[in-house]
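Working notes, beginning with the structure itself.
Scope of the values below: all heavy atoms of this structure, side chains included, with no hydrogens, waters or symmetry mates. The model shown is predicted, which means the values in this text are computed figures rather than measured ones.
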Amino acid sequence: MGNKYDFNKIESKWQNIWENSDDFHAESVSNKKKYYVLVEFPYPSGEGLHVGHLRSYVALDIVARKRRMQGYNVLYPMGWDAFGLPAENFALKHNVHPKVITEKNVARFKAQLKRVGLSFDWKREVNTTDPSYYKWTQWIFSRLFEKGLATKEDSSVNWCTSCKCVLANEEVVNGVCERCGAEVVQKRKKQWILKITKYAQRLIDDLKLVDYPTRVKQQQENWIGRSEGARISFGSSVGENFDVFTTRPETIFGVSHVIFAPEHKFIDKYAKNIKNIDEVMRYRAEASKKKKEERTDVKTGVKILGITAKNPINGKNVPIFVSDYVLVDHGTGIVMAVPAHDDRDFDFVQKYKIDFISVINEDSETGKSEMINSEFLNGLDVKSAREKVLDYITEHKIGERHVSFKLRDWIFSRQRYWGEPIPIIHCEKCGMVLDKNLPLVLPDLEEFRTSDTGESPLCLTDWIHTKCPKCGGNATRETDTMPQWAGSSWYFLRYIDPSNSNVLASKESLDYWMPVDWYNGGMEHTTLHLLYSRFWHKFLYDIGVVKFSEPYAKRTSHGIILGSNGEKMSKSRGNVVNPNDVVDEYGADVTRLYEMFMGDFEKSAPWDPKGIVGCKRFLEKYWNLQNIVVEGNMVRDELKTYFNRAIKKVSEDIENLKFNTAISSMMDLVSRVKDFGSISKCEMKILTTLLNPFAPHISSEMWFLMGFEENIIFSKWPEFDKKFINFSEHEIVVQINGKVKVKFNIDSEVPDKKLIEICKNNEKVVDFMKGKTIIKEICVSNKLVNFVVR
RNA sequence: GCUGGUGUGGUGGAAUAGGUAGACACAAGGGACUUAAAAUCCCUCGACUGUCAAAGGUCGUGCCGGUUCGAGUCCGGCCACCAGCACCA
């Protein structure tokens with residue numbers, strides 16, 4: 001006795017040992033089977049790490065540690081996604097270089113992580129702001145540029161009024177900037193865009209190849225928003241045809257009018273033919289001022305006078321309107337309106353008194369529907385009418401089957417300083433030319449201020465003047481930088497070969513390590529980072545850099561940790577829990593254990609400062625088992641079932657993200673052993689191995705105290721024996737009419753018939769049966785008997 | 001509105017090839033140890049009812065119905081909450 005659990009001493013001892021060993025360093029290429037475990041690398045913010053970050057890191061640390069024990073060559077790396085606005089905004093305010101702030105924050109994060117005993121391979125640490133890293137971000141951009149997937153285009157962009165910067169669609173949440181919460185307005189600007197839409201179909205199709213939770217797959221599919229239909233070419237009184245996109249081509253005989261988006265180019269082209277062009281332009285101007293939400297309720301519009309449209313299928317002339325419920329960047333920016341079968345079109349005609357006809361007759365009783373008023377489609381059901389009209393328009397060359405996506409191209413430039421410079425040189429003679437001299441290093445600045453015109457701070461420096469690599473003439477550099485999401489779109493590839501200066505990672509090591517076997521991260525990245533990185537990886541696959549088309553074989557997502565008040569943790573709410581404080585008070589092992597024990601890993605859960613003590617008591621109980629150790633190389637018969645069950649439960653639960661029940665089964669086992677009064681060395685070895693991934697410090701110390709010889713990190717993960725999973729003694733439950741009445745034990749398994757007999761003769765059962773007749777007997781082998789009586 | 005998910009004690013949560021609801025833990029209450037406190041250990045802990053005490057009884061997994069010998073679990077219909085998307089033609 002007297003050997004008290006001193007977590008401070010134990011934890012610093014083992015963290016030191018790990019620091020000076022190569023135990024967590026993955027071999028670059030090996031004959032062993034590989035396992036690549038990945039967590040999202042953090043943005044090293046000024047606030048520091050909070051307990052929410054740890055949930056993901058600890059969970060996959062458990063997986064990584066288990067895999068090492070299972071004999072895999074494990075890669076579990078960590079790095080820093082360090083470009084981004086907060087550092088730049090801080091720089092603006094306090095006039096400190098973002099580089100300095102970033103370094104400070106990284107050091108702080110790293111120290112916090114090291115206190116938790118995570119088995120990261122620190123030799124592979126990457127930092128997106130390091131020129132030797134972003135050299136390859138720029139390299140990938142260059143390849144995208146060469147393939148025509150990165151272009152600079154005049155487009156309508158989301159403009160954050162506070163950050164003075166464009167945002168991707170994914171970064172605008174409810175009309176405000178995702179990061180700062182300021183209003184976002186639409187602006188037309190020349191911007192770099194990446195053509196992610198070219199990959200839309202593949203990004204949907206290849207979800208079949210990966211093991212992601214349904215909610216993640218669904219959300220991505222939803223975001224990409226595929227809809228199948230047709231483009232149909234309508235005629236017009238000015239002679240030029242235009243295409244509409246529709247998912248309901250079978251309703252074409254019901255078209256009462258056509259609606260253009262107010263911004264549509266067709267209107268400009270034929271402005272002189274439009275008699276009320278002033279009114280139309282006024283409407284356009286008003287629509288552009290409206291926020292997205294304001295466009296949603298009342299449907300407004302203007303009828304275009306002087307031009308009519310011609311329905312290609314029946315030659316009917318129909319009026320043309322403009323209305324802001326038609327979006328210029330969706331489909332073709334023109335819709336054919338079928339008021340009888342579309343709610344929005346119906347709302348619209350209420351106001352403008354347009355005549356329309358119904359083309360589908362629905363029988364309210366049978367629920368069957370058939371086509372009417374539709375010439376050659378009459379009498380058909382909707383589905384076959386659709387097929388028939390699609391064939392018809394294709395054959396008569398008035399349209400074709402077409403698939404439309406909601407996904408927009410990725411707006412890739414930011415007018416900020418703290419990002420990867422885009423390696424493009426603008427030459428008057430040669431146009432846009434790639435700068436092949438990578439990395440193109442971000443120059444140091446005195447001032448980080450963004451100009452009021454919204455240009456990047458880089459435009460105010462001499463850095464922009466250069467020579468054209470093609471013709472040698474005077475040229476200027478691109479001053480926009482890449483968005484936050486660039487560096488994180490491929491970082492998992494760099495971990496594989498982090499110091500290679502010739503290629504982003506060697507072919508050999510990429511082939512060995514990719515794809516990532518298990519990637520855990522937050523749901524909030526589903527339509528951002530996760531989609532972007534899949535896109536980049538597919539591109540790298542297309543140009544032969546990687547061997548697999550998908551980067552992550554398996555993705556899981558943790559629930560967020562809420563504050564003790566049940567609200568989201570945030571500085572402004574004052575409910576942030578710093579892991580340092582928890583580690584100070586309880587130690588790293590207890591912190592890790594509680595992070596995993598607090599609830600269902602995939603659901604959000606509030607941090608309960610009182611709940612932690614349960615985990616503390618558990619580790620103390622475990623620690624005190626060393627006082628009752630007895631010699632022995634066997635699991636004692638009395639404990640065999642408990643041990644085998646615990647091995648099974650812990651092994652399976654780790655794979656299924658059920659860390660909470662894995663821990664409770666270990667708590668159970670420790671209580672059993674304690675009640676039993678002694679633990680053999682062999683039993684201690686099993687228990688300690690099971691606990692090691694969860695609480696690595698205390699278990700390593702126990703391992704050491706017990707004098708077990710091999711390194712616990714690579715010791716063999718225990719296996720259970722099916723023979724000992726069931727108790728030899730069975731509790732039998734007797735139900736009468738489905739209600740539990742009697743319970744008793746039998747020593748060994750008996751056939752069903754025998755069991756029913758035993759139950760019938762049970763004293764208490766006989767009592768219950770008095771004056772009743774058995775109608776039916778149901779038996780679940782060695783478990784339960786139900787008598788149905790009258 | 002659409003898509004996905006969730007709903008179980010005072011609390012976090014267990015339990016799905018349909019078979020003992022509430023594992024494990026927190027909080028609470030009682031007791032032991034102690035001069036005392038902390039720590040530790042033991043007991044109780046869904047509701048109602050019952051008894052000196054027990055035994056026992058009835059109800060109980062958001063609501064209503066169904067299937068079944070038996071439903072937290074399956075089916076139909078609601079309600080509430082969370083997340084994402086949202087005039088997507």
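- A/Trp623 has its CH2 atom 18 Å from the C1' atom of B/U40, to the nearest Å.
- The closest side-chain heavy-atom distance from A/Ile560 to A/Lys568 is below 4.5 Å.
- In this entry B/A17 has no Watson-Crick or G-U wobble partner, no candidate having both defining distances under 3.5 Å.
- Heavy atoms only, all atoms of each residue included: A/Cys779 and A/Leu755 are closest at SG-CD2, 3.8 Å.
- Spacing of C1' atoms, B/C59 relative to B/G50, comes out at 15 Å, to the nearest Å.
- Rounded to the nearest 0.5 angstrom, A/His257 NE2 and A/Tyr352 OH are separated by 10.0 Å.
- Atom CZ in A/Arg386 sits roughly 11 Å away from atom P in B/A89 (whole-Å rounding).
- A 3.5 Å limit on both hydrogen-bonding distances identifies no Watson-Crick or G-U partner for B/G22.
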Output one line per pair: protein atom, nucleotide atom from nucleotides 17-22 of chain B, and distance, for all N/O pairs under 3.5 Å.
unit_1	atom_1	unit_2	atom_2	d
B/G19	N2	A/Gln735	OE1	3.1
B/G19	N2	A/Asn786	ND2	3.4
B/U20	O2	A/Lys743	NZ	2.7
B/U20	N3	A/Glu731	OE1	2.9
B/U20	O4	A/Glu731	OE1	2.7

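- Donor-acceptor pairing under 3.5 Å is recorded for the side chains of A/Thr197 and A/Asp409.
- A distance of about 35 Å separates the P atoms of B/G57 and B/C41, rounded to the whole Å.
- A/Tyr325 and A/Asp345 share a side-chain donor-acceptor pair at under 3.5 Å.
- In this structure, B/U61 forms no base pair with any nucleotide, since neither Watson-Crick nor G-U wobble geometry is met with both distances under 3.5 Å.
- Across all strands shown, B/C41 forms a Watson-Crick or G-U wobble pair with B/G31, both key distances being under 3.5 Å.
- Counting any heavy atom pair closer than 4.0 Å across all strands shown, A/Val788 reaches sugar-phosphate atoms only and no base atom.
- Distance CG (A/Asp343) to P (B/C88): 10 Å, rounded to an integer number of Å.
- Residues A/Tyr212 and A/Thr556 bring no donor and acceptor atom of their side chains to less than 3.5 Å of each other.
- Here B/G56 sits opposite B/U49 as a Watson-Crick or G-U wobble pair (both hydrogen-bonding atom distances under 3.5 Å).
- Within a 6.0 Å radius of NZ in A/Lys554, more than 12 heavy atoms belonging to other residues, nucleotides or ligands are found.
- In this structure the side chain of A/Lys406 reaches within 4.5 angstrom of the side chain of A/Asn222, judged on heavy atoms.
- Across the P atoms, B/U20 and B/C79 are found 32 Å apart, a figure rounded to whole Å.
- The nearest whole Å value for the distance from the CG atom in A/Asp767 to the P atom in B/G57 is 12 Å.
- For A/Phe266 and A/Phe260, the distance between ring centers is under 6.0 angstrom.
- Within 6.0 Å of CD in A/Glu228 there are 12 or fewer heavy atoms belonging to other residues, nucleotides or ligands.
- Among the protein residues, A/Ser323 comes within range of no part of the nucleic acid, since none of its heavy atoms lies under 4.0 Å from any strand.
- Listed by residue number, the members of residues 646-664 of chain A with any heavy atom below 4.0 angstrom from RNA chain B are A/Asn660, A/Thr661, A/Ser664.
- Protein atom CE of A/Met523 is 13 Å distant from nucleotide atom P of B/U6, rounded to whole Å.
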Which protein N or O atoms sit under 3.5 Å from an N or O of nucleotides 1-5 of chain B?
unit_1	atom_1	unit_2	atom_2	d
B/U3	O2'	A/Gln218	OE1	3.3

Using nucleotides 25-34 of chain B, report all nitrogen or oxygen pairs with the protein that are shorter than 3.5 Å.
unit_1	atom_1	unit_2	atom_2	d
B/C26	OP1	A/Arg617	NH1	2.4

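- Between B/C33 and B/U6, the distance separating the two C1' atoms is 46 Å to the nearest Å.
- B/C78 and B/U68: their P atoms are spaced 23 Å apart (whole Å).
- The separation of B/U3 from B/G13, taken at their C1' atoms, amounts to 28 Å, rounded to a whole angstrom.
- In terms of position along RNA chain B, the nucleotide closest to A/Asp600 lies nearer the 5' end than the nucleotide closest to the other residue of the pair A/Asp345 and A/Asp600.
- For A/Tyr594 and A/Tyr586, the gap between ring centers reaches or exceeds 6.0 Å.
- Whole-Å rounding puts the A/Arg408 CZ to B/C85 C1' distance at 14 Å.
- Panel note: side chain A/Arg592, backbone A/Phe694; a donor-acceptor pair is recorded below 3.5 Å.
- Look at B/U68: it lacks any Watson-Crick or wobble partner with both distances under 3.5 angstrom.
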Hey, can you pull the donor-acceptor pairs under 3.5 Å for the side chains in residues 657-666 of chain A, sequence neighbours left out?
unit_1	atom_1	unit_2	atom_2	d
A/Thr661	OG1	A/Asp653	OD2	2.8
A/Thr661	OG1	A/Lys658	O	3.2
A/Ser664	OG	A/Thr661	O	3.1
A/Ser665	OG	A/Ala662	O	2.8

Mind listing the N/O atom pairs, protein and nucleotides 42-44 of chain B, below 3.5 Å?
none

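- Applying the 6.0 Å contact sphere to CG of A/Asp205 captures more than 12 heavy atoms from other residues, nucleotides or ligands.
- Screening A/Asn241, A/Asp243, A/Thr332, A/Ile252 for a side chain to side chain contact (heavy atoms under 4.5 Å, CB included) involving A/Ile232 leaves a single residue, A/Ile252.
- Side-chain contact of A/Glu40 with A/His525: a donor-acceptor pair under 3.5 Å is present, judged by distance alone.
- Between B/U51 and B/G77, the two C1' atoms lie 45 Å apart (nearest whole Å).
- The side-chain heavy atoms of A/His341 and A/Phe346, taken from C-beta on, include no pair separated by under 4.5 Å.
- For A/Lys217, the NZ atom is densely surrounded, since the number of other residues' heavy atoms within 6.0 Å is greater than 12.
- Following rounding to the nearest Å, A/Leu562 (CG) and B/C81 (C1') show an atom-to-atom distance of 14 Å.
- A sub-4.0 Å separation between OP1 or OP2 of B/U40 and a side-chain N or O of A/Lys4 is absent.
- If you take CZ of A/Arg672 and C1' of B/A23, they are 11 Å apart, rounded to a whole angstrom.
- In this entry the base of B/G10 is anti relative to its sugar, with a glycosidic angle more than 90° from 0.
- The partner of B/A86, taking Watson-Crick or G-U wobble pairs whose two distances both stay under 3.5 Å, does not exist in any strand shown.
- Nucleotides B/G19 and B/G9, compared at atom C1', are 23 Å apart to the nearest Å.
- No engagement by A/Lys616 is indicated, since no non-hydrogen atom pair under 4.0 Å with the nucleic acid exists.
- When the nearest nucleotides of RNA chain B are assigned to A/Met336 and A/Lys776 by heavy-atom distance, the more 5′-ward of the two goes with A/Lys776.
- Ring pair A/His402/A/Phe245 is perpendicular by interplanar angle, where above 60° counts as perpendicular and below 30° as parallel.
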